[in-house]
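Note on naming: letters A, B, ... go to the chains in the order of the sequence lines (proteins, then strands), and numbering restarts at 1 for each one.
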Amino acid sequence: MQPQARLNDLNAMSKRMRLNIIKLAYQVGNNGAHIAPALSCNEIIAVLYGDVMNLNPKNPVSQERDRFLIGKGHGALALYAALCDTGFFSEELLFTYQKNGGDLPGQPSMNLSLGIEVSSGSLGNALSVGEGIALSAKKNGDKYKTYVLLGDGECNEGTIWETAMSASHFRLDNLIAIVDLNGMQSDGQSAKILNMGNFREKWSSFGWNVIEADGHDIESLYNAFHAIKQERKPTVILAHTIKGHGVSFMENNNSWHHNHLSSEQYELALSELEAK
Amino acid sequence: MLDISSKNVRTWSKLGSRGTLGSALLDLASSKEDLVVLSADLGNTSGLGRFMNVHPNKFYNLGIAESNMVGVAAGMAKEGNCVFATTFSNFLAMRSYEQIRLNMGYMQFPIILVGVGSGFEMGMFGNTHYGIEDMALMRAVPNMTLLSPADGAEIIKTVNAAVEYARPVYIRLTGGMNLPIVYKENYEFEIGRAVTLREGDDMTIIATGTMVYESLCAAEYLAEHDIEAEVVDMHTIKPLDTSVIDRAVSKKLIITVEEHSVVGGLGGAVAEYKTTLHSAPPQLFIGVPDTFGKAGEYKWMLEHYGLTAKGIAEKIFDMYVV
């Protein structure tokens with residue numbers, strides 16, 4: 001069992017991030033933000049940034065750093081909150097989110113000095129890039145690992161499965177994908193839009209090591225990441241999540257895929273998240 | 001870099017564009033430690049057979065998955081490797097277009113793409129395999145540099161210049177075996193600076209790829225009829241060397257010649273610049289008409305569309321008014 005203090009720290013970090021997600025989403029007003037997709041992957045990103053990854057905010061381009069690529073670019077709010085929380089940039093910069101001409105647009109734009117590895121938002125591209133980074137590390141004998149966060153809807157994209165085949169062919173055990181399995185996508189329930197069947201069997205049959213986790217339980221995620229072994233195959237963590245997690249009126253309600261908050265909704269969301 | 005000697009020039013001509021690409025990369029591997037070459041299951045067909053055997057640790061076959069190949073190329077380029085990604089130009093430019101836009105245009109990873117067998121080189125394979133829109137597509141991507149060498153010597157120059165350039169580059173290879181020879185000896189090659197191969201006061205023929213040689217021959221034919229044409233090798237389509245057009249404004253005609261659709265390629269690039277000038281001569285677009293036609297052998301295809309010295313000269317006679 002891991003020290004409880006570590007898990008307590010991660011829980012506190014993920015809570016700070018959740019609150020910032022709501023504050024940021026509220027301040028952009030009627031432009032709206034991808035709120036529920038960020039709440040869905042918040043704890044995954046918190047555990048990665050707070051514990052799993054080797055990062056140095058003082059030197060965001062250090063060659064030894066682990067790479068994190070957010071394939072589901074619409075989870076940007078959680079990434080920005082994590083980068084701020086771990087000291088890559090200030091709270092002042094964080095609150096430039098979605099400002100005209102700013103560095104933190106709705107979908108991430110590559111900015112290594114801020115710790116943003118790639119531009120994303122066009123689904124299905126980041127895992128390929130992650131494969132290339134992992135392949136380069138193998139070639140050059142670098143020890144860092146590459147983590148790519150995918151949405152389950154994103155897995156509709158054919159390129160995901162091109163990469164799934166290829167990464168196992170090249171035995172990239174330094175590549176870890178995390179699927180934020182919330183069962184929802186832009187138009188509604190994934191099972192109704194494009195039923196992808198059994199994710200565990202799919203990834204496994206493509207040659208990946210599969211680990212499942214509760215994507216909102218810090219301890220479960222912590223254990224999943226620490227269970228990854230160098231087995232000459234890439235690993236995917238299937239993180240079972242709830243879209244809009246933590247805010248009662250957002251959970252599994254797809255109108256919060258991209259939306260704006262009224263002042264009443266804002267207060268309610270904050271109070272619910274504060275109480276957790 | 002390989003010498004532009006008369007012996008080498010003859011060898012490259014015999015090898016054709018793909019074999020010459022293979023020679024260029026093989027040569028580069030000896031000096032470029034971080035070189036990697038990617039293919040989408042067309043390594044042998046792209047002239048990389050020897051490279052694959054000699055440098056298995058620098059060669060990655062991504063299988064028949066062009067989109068993933070460009071993404072992987074991006075990741076490797078991001079980590080500082082010198083990355084070439086190659087396959088037939090139609091699959092490269094079209095199947096992976098969005099990956100090119102994101103990774104090379106938006107994020108500016110300095111991948112060097114090589115689209116082989118472009119134009120009609122795939123001959124009897126037909127329209128699925130022709131590369132007649134790749135210049136239009138690549139031109140539309142911000143931050144992209146688009147190169148189209150005229151012969152074997154220029155392929156060698158282009159590959160080496162692209163490595164030095166260290167920016168996103170698409171190299172378009174036209175022409176099959178027994179490539180016509182434009183450059184017999186060494187010359188100065190610079191990305192973005194066209195080469196004037198022949199002077200002429202009546203008109204300027206701006207050509208690219210295989211059409212450079214045909215245009216030179218067409219100009220000889222025109223000269224026999226007292227028409228003097230300047231012939232320019234526009235090996236860089238983007239950024240375009242607009243000084244060529246500035247020099248041609250007092251002439252009677254500008255002709256663009258390309259083994260590519262008349263939509264959006266070299267002709268389009270020249271026309272876009274020409275419209276910004278207060279006065280400029282009319283432009284004759286010589287290229288592939290905006291249609292899918294029947295398939296045929298490479299030589300037959302070029303003749304069918306008038307992409308030969310004779311065809312080019314005849315089109316110019318039709319339009320040219322003294």
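- Between B:M76 and A:K139, the closest heavy-atom pair is CE-CD, 4.2 Å.
- Minimum interatomic distance between A:S166 and B:N68 (heavy atoms only, all atoms of both residues): CB-ND2, 3.5 Å.
- Among A:T159, A:L69, A:L135, the residue making the largest number of heavy-atom pairs under 4.5 Å with chain B is A:L135.
- Identified by a heavy-atom distance below 4.5 Å to chain A, the contributing residues of residues 29-52 of chain B are B:D34, B:V36, in residue-number order.
- The candidate from A:A167, A:G124, A:S122, A:S119 with the greatest count of non-hydrogen atom pairs under 4.5 Å with chain B is A:S119.
- The line from CD1 of B:I64 to CE of A:M165 is 10.0 Å long, rounded to the nearest 0.5 Å.
- Heavy atoms of A:L112 lying under 4.5 Å from chain B belong exclusively to its side chain.
- Side-chain atoms of B:E79 and A:N140 include no donor-acceptor pair closer than 3.5 Å.
- Interatomic distance, CD of A:E131 versus OH of B:Y60, reported as 10.5 Å (0.5 Å rounding).
- For A:S120, no part lies under 4.5 angstrom from a heavy atom of chain B.
- When the shell of 6.0 Å around CZ of A:R200 is examined, it contains more than 12 heavy atoms from other residues, nucleotides or ligands.
- Residues B:Y106 and A:P108 approach most closely at OH-O, 4.4 Å, considering heavy atoms.
- The most heavy-atom pairs under 4.5 Å with chain A, out of B:G63, B:A77, B:A65, B:G75, come from B:G75.
- Heavy-atom neighbours of chain A within the stretch residues 93-102 of chain B, taken at a separation under 4.5 angstrom, comprise B:E98, B:Q99, B:L102.
- A distance of 4.0 Å separates CD of A:E117 from NZ of B:K78, quoted to the nearest 0.5 Å.
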>> Between B:L62 and A:F170, is the side-chain contact (heavy atoms from CB on, under 4.5 Å) condition met? List the steps.
In response: CA-CA 10 Å; B:L62 275 300; A:F170 287 111; 4.0 Å; yes

